[in-house]
Amino acid sequence: MTRRVRLLVAALGVTGLAALLVAACFDLPSFGGSQHPYGDRVVRASLARHTANTIASVNFDQRAFDTLGEMSILFASVLGTVVLLRQTRDEHRAAPEPEHVALPVRRYALLVLPVAVVTGLYVIAHGQLTPGGGFQGGVVVATALHLLYLGADYRALERIRPVGSYEIADALAASAYLVLGLAGLVAGTTFLANFLPYGTFNTLSSGGTVPLLNAAIGMEVACAVVVLLARFLDQAVEIEKGGGK
């Protein structure tokens with residue numbers, strides 16, 4: 001295929017996509033209007049299934065299959081990073097040397113670390129009730145652990161961050177999401193359907209499968225971010241090539 005033909009195909013594709021977008025815009029509700037068909041249906045479905053946080057209802061109930069795709073993108077990204085940043089034959093590991101940490105930084109990091117971890121777990125656990133959820137809470141938990149790197153040293157971080165265990169937990173969390181989806185088929189409904197009792201509205205046990213899927217996402221995101229940061233930190237702190245870093 002010549003360059004001219006490729007440009008022609010690309011132009012046709014862009015033109016077609018632009019035409020579809022323009023046609024769709026003409027059918028959108030007027031700005032500031034009172035008619036919001038999709039939003040109204042989403043809210044009704046969320047309340048009917050006892051999920052106080054409508055966004056969580058959308059992510060883990062009404063379009064849980066799309067969320068599976070988003071989780072798979074993160075999982076594949078981490079897997080690609082692990083493969084690309086693996087230690088090669090001409091590289092070797094050097095024991096990281098401790099660095100001096102200013103006392104105010106050390107105190108602040110060690111004080112905030114447990115608070116940040118608990119906050120992240122709270123955001124995950126209350127995802128079906130309040131803004132937040134597994135994606136946000138997972139990132140908070142993962143990054144909170146790295147405050148130990150700022151407040152102490154790399155070796156202290158390594159003791160609470162065995163990368164192999166986090167890789168296994170990442171895979172188990174992704175598998176748990178799939179198993180919950182398959183459980184819907186076993187229960188006689190569709191894949192990733194909300195098949196559990198909806199519980200009492202505005203409580204931790206409400207929403208049916210929403211809190212379970214949310215917890216699986218939280219664990220997957222937390223472990224994935226930890227593994228991701230671990231590989232980059234390895235390159236910056238431990239991995240040496242030739243005679244220098």
Undergrad: Looking only at non-hydrogen atoms, find the nearest pair between Arg231 and Val82 and report the distance.
TA: NE-CG2, 3.9 Å
Undergrad: Under 4.5 Å between side-chain heavy atoms, counting indirect links through other Ile/Leu/Val/Met/Phe/Trp/Tyr residues: same cluster for Val141 and Ile160 or not?
TA: yes
Undergrad: Val139, Ile217: one ILVMFWY side-chain cluster at the under-4.5 Å cut-off?
TA: yes
Undergrad: Could you tell me which non-hydrogen atom of Leu113 sits nearest to which non-hydrogen atom of Ala144, and how far apart they are?
TA: CG-O, 3.5 Å
Undergrad: Flag yes if Leu121 and Met219 sit in one hydrophobic cluster, no otherwise; membership is Ile, Leu, Val, Met, Phe, Trp, Tyr, and two members link when side-chain heavy atoms are under 4.5 Å apart.
TA: no
Undergrad: Would a distance-only check, ignoring hydrogens and angles, find a side-chain to backbone donor-acceptor pair under 3.5 Å from Gln136 to Val123?
TA: no
Undergrad: Decide if atom CG of Leu212 counts as having more than 12 heavy atoms of other residues, nucleotides or ligands within a radius under 6.0 Å.
TA: yes
Undergrad: Which value, rounded to the nearest 0.5 Å, describes the distance between Asp66 atom CG and Met71 atom CE?
TA: 12.5 Å
Undergrad: Name all pairs fulfilling the ring-ring contact (aromatic ring centres under 6.0 Å, His included) condition that reach into residues 55-79, sequence neighbours left out, sorted by first residue then second.
TA: none
Undergrad: Are Leu233 and Arg161 packed together at the side-chain level, in the sense that at least one heavy-atom pair is separated by less than 4.5 angstrom?
TA: yes
Undergrad: Testing Leu157, Leu229, Val101 for side chain to side chain contact (heavy atoms under 4.5 Å, CB included) with Tyr149, which one passes?
TA: Leu157
Undergrad: Let me confirm one number: the CZ-CD distance from Phe135 to Glu70, rounded to the nearest 0.5 Å.
TA: 5.0 Å
Undergrad: Should Thr67 and Leu213 count as side-chain neighbours, where that means a heavy-atom distance under 4.5 Å?
TA: no
Undergrad: Nearest heavy-atom pair of Ala152 and Ala156: which atoms, and what distance?
TA: CB-CB, 3.9 Å
Undergrad: Hey, what do you get for SG (Cys223) to CG (Leu74), rounding to the nearest 0.5 Å?
TA: 10.5 Å
Undergrad: Stepwise, does the side-chain contact (heavy atoms from CB on, under 4.5 Å) test hold for Leu12 with Val9?
TA: CA-CA 5 Å; Leu12 291 174; Val9 172; 5.6 Å; no
Undergrad: Around Arg41, counting heavy atoms of other residues, nucleotides and ligands shown, do more than 12 lie under 6.0 Å from its CZ?
TA: no
Undergrad: Considering residues at least two apart in sequence or located in another chain, which fulfil the ring pair (Phe, Tyr, Trp, His ring centres under 6.0 Å) criterion with His146?
TA: none
Undergrad: Taking the side chain from Ser46 and the backbone from Val42, do they hold a donor-acceptor pair closer than 3.5 Å?
TA: no
Undergrad: Counting neighbours of OH on Tyr108 that are heavy atoms of other residues, nucleotides or ligands and sit closer than 6.0 Å, is the number greater than 12?
TA: no
Undergrad: Distance-only, no hydrogens or angles: does the Asn214 side chain make a donor-acceptor pair with backbone N or O of Ile124 under 3.5 Å?
TA: yes
Undergrad: Do Leu145 and Val117 pass the side-chain contact (heavy atoms from CB on, under 4.5 Å) test, and can you show the C-alpha distance, the side-chain angles, and the key distance before you say yes or no?
TA: CA-CA 7 Å; Leu145 295 178; Val117 171; 4.2 Å; yes
Undergrad: Can you give the donor-acceptor pairs under 3.5 Å from side chains of residues 171-186 to other protein atoms, not counting sequence neighbours?
TA:
from: Ser175; atom 1: OG; to: Ala171; atom 2: O; distance (Å): 2.8
from: Tyr177; atom 1: OH; to: Ala64; atom 2: O; distance (Å): 2.8

Undergrad: Tell me whether Leu79 shares a hydrophobic cluster with Leu228, the cluster being built from Ile, Leu, Val, Met, Phe, Trp, Tyr side chains joined at under 4.5 Å.
TA: no
Undergrad: Grab the two heavy atoms, one from Val105 and one from Leu150, that are nearest each other, plus how far apart they are.
TA: CG1-O, 4.0 Å
Undergrad: Applying side chain to side chain donor-acceptor pair (under 3.5 Å) as the test, list every pair that has at least one member in residues 47-61; sequence neighbours left out.
TA: Arg49-Asp61, Ser57-Gln62, Asn59-Arg63, Asp61-Asn194
Undergrad: Would you find a donor on one side and an acceptor on the other, under 3.5 Å apart, between the side chain of Arg86 and the backbone of Val83?
TA: yes
Undergrad: Rounded to the nearest 0.5 Å, what's the gap from OG1 on Thr81 to CZ on Phe232? Could you check?
TA: 5.0 Å
Undergrad: Going hydrophobic residue to hydrophobic residue with side-chain gaps under 4.5 angstrom, can you get from Leu7 over to Leu17?
TA: no
Undergrad: Taking only residues at least two apart or on different chains, which pairs with a member in residues 113-134 satisfy ring-ring contact (aromatic ring centres under 6.0 Å, His included)?
TA: Tyr122-His126
Undergrad: Between Tyr198 and Ala48, which heavy-atom pair has the shortest distance, and what is it?
TA: CD1-O, 3.8 Å
Undergrad: Name all residues meeting the ring pair (Phe, Tyr, Trp, His ring centres under 6.0 Å) criterion together with Tyr166; count only those two or more places apart in sequence or in a different chain, and write none if there are none.
TA: none
Undergrad: Which distance, rounded to the nearest 0.5 Å, do you find between the CZ of Arg155 and the CZ of Arg159?
TA: 7.5 Å
Undergrad: Nearest 0.5 angstrom please: Leu148 CG to Glu158 CD, how far?
TA: 11.0 Å
Undergrad: Of all heavy-atom pairs between Gly127 and Ala56, which one has the smallest distance, and what is that distance?
TA: O-CB, 3.3 Å
